[in-house]
Amino acid sequence: MSSKTQTTLKEGVQLPPPDYLMCKLIDMVNVENPPCSNCDKRDPSSMYFCSTCGQALCKPCRENTHRAKMFSSHDIVQMSKRLADKTEICSKHDEKISYFSSTQKHVICTSCVREKPPESRKACVDIDVAYNQNLKKLDRALLSVYDMQSTIREGVVACHTLLEELRQNTDTEKLTIHNFVQTLHDAINKIQTDMHLEVQR
């Protein structure tokens, strides 16, 4: 869900502040449903993880790339089993992460929430609720991007239409000028011919 292409910002334009929760959710998606390291395919129902290589593999790539004898000793497990073993745990209380603190911009466990002052607990949101809120936020941002793309696309189409009209008008003008010059040339030739005949009399 990340891109290697870097966009150069115009002078004076700054990036918006990083959204910790959004980055965390994206990381969680990549952990829960990583792409195959060989073909980039994502298929949660048939994904594997090679602990030896440290890479995710889809079923076809597992069969094709790890069929050789040299891979026979590799430890390959189903992705669902690996995810069950990799549930994120609070380093302080050794509990499952289940809340997001909007003030600290950090994910925390239930015990972390209990240790906070009452006024600070209000900023702690269930991680699923926080996920849904940010998912809606992301959807709105995507809709804005889609609207912008549509506007830009319409502008490009309009520019292409104007350029095509300009090309047609240019061709028409060129033909008109060519015909005028040809008519003028024919008239001059006729006058010259008439003058020669008049002189020869």
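When reading the values below, keep in mind they use all heavy atoms of this one structure, side chains included, and skip hydrogens, waters and symmetry mates. Bear in mind that the values here come from a model prediction, so they are computed numbers and not experimental data.
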| said: Same cluster or not: L175 versus L166, using hydrophobic residues (I, L, V, M, F, W, Y) connected whenever any side-chain heavy atoms lie under 4.5 Å apart? | reply: no
| note | Those residues at least two apart in sequence (or on a different chain) that pass side-chain hydrogen bond (donor to acceptor under 3.5 Å, both in side chains) with R153 are none
| remark: When rounded to the nearest 0.5 Å, the distance separating CZ of R62 from CE of M47 is 12.0 Å
| field | Qualifying residues under side chain to side chain contact (heavy atoms under 4.5 Å, CB included), relative to E164, sequence neighbours excluded | value | R167, Q168
| remark: When every non-hydrogen atom of H74 is compared with those of C50, the smallest separation belongs to ND1-SG, 3.4 Å
| Minimum heavy-atom distance between K92 and E115, given as atom pair plus value | NZ-OE1, 2.9 Å
| Between the side chain of S101 and the main-chain N/O of C124, is any donor-acceptor distance below 3.5 Å? | no
| said: Would you say I97 ends up clustered with F100 if hydrophobic residues are merged whenever their side chains have heavy atoms under 4.5 Å apart, either directly or through other cluster members? | reply: yes
| Closest approach of M70 to S73 (non-hydrogen atoms, all atoms of both residues) | O-OG, 4.5 Å
| For the side chain of S102 and the backbone of A123, is there at least one donor-acceptor N/O pair under 3.5 Å apart? | yes
| request: Provide the closest heavy-atom pair for D75 versus T52 in the form atom of the first, atom of the second, distance. | output: N-OG1, 2.9 Å
| note | Here the gap from L143 atom CG to L138 atom CG, rounded to the nearest 0.5 Å, amounts to 9.5 Å
| Quick one: do the Q182 and D186 side chains pair a donor with an acceptor below 3.5 Å? | yes
| said: Name the residue from T170, T172, I177 that meets the side chain to side chain contact (heavy atoms under 4.5 Å, CB included) definition with K174. | reply: T170
| Could you give the distance from CD1 (I108) to CD (E95), rounded to the nearest 0.5 Å? | 11.0 Å
| remark: The reported gap from CG in N132 to CG in D128 (rounded to nearest 0.5 angstrom) is 7.0 Å
| query | For S37 and L57, which heavy atoms make the closest approach, and how far apart are they? | reply | OG-CD2, 3.8 Å
| request: Calculate, to the nearest 0.5 Å, the distance between atoms CD1 and CG belonging to I152 and D147 respectively. | output: 11.0 Å
| Between NE2 of H160 and CG of L163, what distance do you get to the nearest 0.5 Å? | 7.5 Å
| note | Tightest non-hydrogen contact, residues A56 and F49, listed as N-CD1, 3.9 Å
| field | Side chains of E165 and L162 in contact at under 4.5 Å (non-hydrogen atoms) | value | yes
| query | Is there side-chain contact between C39 and C58, with heavy atoms separated by less than 4.5 Å? | reply | yes
| query | Does Y99 reach the side chain of I127, with side-chain heavy atoms less than 4.5 Å apart? | reply | no
